[in-house]
There are 2 protein chains.
Amino acid sequence: MNLGAHPFTLRQLQYAVAVAEWLSFRKAAELCHVSQPSLSAQLAHMEQAFGVRLFERDQRRVLVTAAGRELIKHARLILRETDDLEELAHRSRDPLSGTLRIGVIPTISSYLLPRLTAALRKAYPRLTVLWVEDKTQVLLRSLEAGMLDAALLALEADIGDVERGIVGPDPFVLATPVGHPLGAKTSPAMASELKDVSVLLLDDGHCFREQALAFCSGAKAHELEFRATSLSTLAQMVAGGAGVTLLPELAVAVEAKRAELSIRPFAQPVPKRTITLVWRKRSPLDSALRQLVATIRAAYSRTSNQRGAAARVI
Amino acid sequence: MNLGAHPFTLRQLQYAVAVAEWLSFRKAAELCHVSQPSLSAQLAHMEQAFGVRLFERDQRRVLVTAAGRELIKHARLILRETDDLEELAHRSRDPLSGTLRIGVIPTISSYLLPRLTAALRKAYPRLTVLWVEDKTQVLLRSLEAGMLDAALLALEADIGDVERGIVGPDPFVLATPVGHPLGAKTSPAMASELKDVSVLLLDDGHCFREQALAFCSGAKAHELEFRATSLSTLAQMVAGGAGVTLLPELAVAVEAKRAELSIRPFAQPVPKRTITLVWRKRSPLDSALRQLVATIRAAYSRTSNQRGAAARVI
DNA sequence: CAGGTTCATAGTCACAGCCTATCATCTTCA
DNA sequence: TGAAGATGATAGGCTGTGACTATGAACCTG
């Protein structure tokens, strides 16, 4: 490890990054809460130390040089790491306290959160979770940008290279209007029964759409043109007789109560998704999040059991 | 990006890492070239800022706490990154390394780049050039906006107030279908021969169109309605007997090989364009780019000679 | 118990880094 | 065309951080 004095400071890196972001010394100085001359001076020192011009500036505008681009990219990385370190320090007093920002996809949030928040409040009374609901890809981008600490989504989606902790499997069931021939049978549903049946699916961008679609096209079902933007809408339309659909079992308890639906489980191989908590690799929250996953898993499996019971009643 | 002041410094991280490594304040202070009290004071500040005790110390020994282990692991990572940044700065002191974004017009790129990239790789092995192909006016706007570092184009176009380095002249030649009366003569072509001849030209927006058009209208030639979008298309159409055209000599070697063309040079005054590298005034890359121009010029004149040889064979 | 460790504390000082005020340019708009 | 309003650079002065030396307190070792 190099123990020699570093020729630059974290503060200087922040200044450089701020200027690169706003292409303005004044604006950057304002955001960094220093005067513009101070910022100018620090950047001058930094350029001197590096022996490289980072910014091309005249009296009307600022541009980042080729060298500047490379260096500032790296500076951003370092600053993110320092933020992580701060975060780590803050948490190391008490890992599961403070505020955690967690993303969650819509087809999970409505059904899991009500029960989960209660369990979390009980397990970690000093922890506040800020839930952010959006589609998988948006959440993953926010996660990467450091705007989220973790995200709760389906493992089957394209989630890239992230750390993960599995909460549990969520099998899909067949939902049909009451009185529909497919809903009448008592045996588990076979994929082959879906051949040429009209199914309704979620709109583009919802990962549950992709997962259900994969199964349906394998079964040679026929997708109707209309696409719902939430599972609730989907359930309403099915109840209205527009067609049949797949629902994650997680949603059944709520949706079958709101709308008149017949629910049948599928025979092996059961289509399913795997609910998972994901976070950045090398996140300082790693161990805390693993602990959190255990708590979520416990709450989820309790919910599953109750759902199982509810299903038997129907 | 968090722009708030960081509660710690890189120096403090070094101190902490050194202590963790040697489990001794004195030894660590010595290696960091500071007095032991200075190091003690900084670590005390750091622990205060973090709100966590990093070291368990009494007068006979030093131990790293559980929190300290985590934090110092992360601190090591950050210090490695800062070393990388320093290294990066050191390398970028050599302006002709890293990535340069250079624009180039289509009537140059296809013919010059294959040879040029090889020459550049050889001359500047640590330089990566990202070539961006577009029309002159688009390139100049990108250059002005800082999205490009330089652009390779024809001096004869309207290029505004930019810094420039001339690569070399690119004379135009007369290209006719094989068997065309204008192609039969062995003497250099006169502008007057083009009177009332049907010529094909590039589409609007290509600067080569403007340059060729200036010459042709001076010669009272007659432009056919059809306009090609690339020199290759143009050559194909001429070979097909649709008319005659002007080609930059740079393109002859490639195009005359693909299509059956007769090529004649022009008599004085030879119509031509001047291939030029341009960049922003006051760009910090100025001296590097002048050096680059010299390299490009060398590669271009070698290409010219070979093209001269090829032309004699035809 | 003296001498040699260890890290912590006290007191002093220099300079890095901040501030305000001002300059030199360039753009904008009346 | 000229005044007002940007922007970044420069000048000069102040202050607080982080360095130093000297010393203190606790602990081992011969």
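To find a chain, count down the sequence lines: A is the first, B the second, and so on, and within it residues start at 1.
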Open item on the list: Both A:Arg57 and B:Val34 contact DNA chain D. Taking the nearest nucleotide for each, which residue is further toward the 5' end?
Closed with: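 It is A:Arg57 whose nearest nucleotide is closer to the 5' end.
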Open item on the list: Quick check for you: to the nearest 0.5 Å, what is the distance between A:Leu289 atom CG and A:Arg164 atom CZ?
Closed with: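 The CZ atom of A:Arg164 is 14.5 Å from CG of A:Leu289, to the nearest 0.5 Å.
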Open item on the list: As an exercise, state the distance from CG of B:Asp134 to CG of B:Leu153, rounded to the nearest 0.5 Å.
Closed with: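 With rounding to 0.5 Å, CG (B:Asp134) is 11.5 Å from CG (B:Leu153).
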Would you kindly give the [atom1]-to-[atom2] distance between [X] and [N], to the nearest whole Å?
X	N	atom1	atom2	value
B:Trp22	C:dT6	CH2	P	13 Å
B:Met46	D:dG18	CE	C1'	15 Å
B:Leu43	D:dA19	CG	C1'	15 Å
A:Leu13	C:dG17	CG	P	13 Å
B:Leu39	C:dT6	CG	P	14 Å
A:Gln14	C:dG17	CD	P	14 Å
A:His33	C:dG17	NE2	C1'	17 Å
B:Gln12	D:dG18	CD	C1'	10 Å

Open item on the list: Once you apply a heavy-atom cut-off of 4.0 Å, does B:Arg26 come out as touching a base, just sugar-phosphate, or nothing?
Closed with: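 Touches a base.
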Determine: side-chain N/O of [X] to OP1/OP2 of [N], distance under 4.0 Å, yes or no.
X	N	result
A:Arg11	C:dC18	yes
A:Ser38	C:dG17	no
A:Tyr15	C:dC18	yes
A:Arg61	D:dT7	no
B:Gln42	D:dA19	yes
B:Ser35	D:dC20	yes

Under 4.0 Å between a side-chain nitrogen and a carboxylate oxygen: does that hold for [X] and [Y]?
X	Y	result
A:Lys27	A:Glu21	no
A:Glu81	B:Arg80	no
B:Lys272	B:Asp170	no

- [ ] Would you mind telling me which residue lines up with the more 5' stretch of DNA chain C, B:Gln36 or A:Pro37, judged by nearest nucleotide?
- [x]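 Checking each residue's closest nucleotide, the 5'-ward one belongs to B:Gln36.
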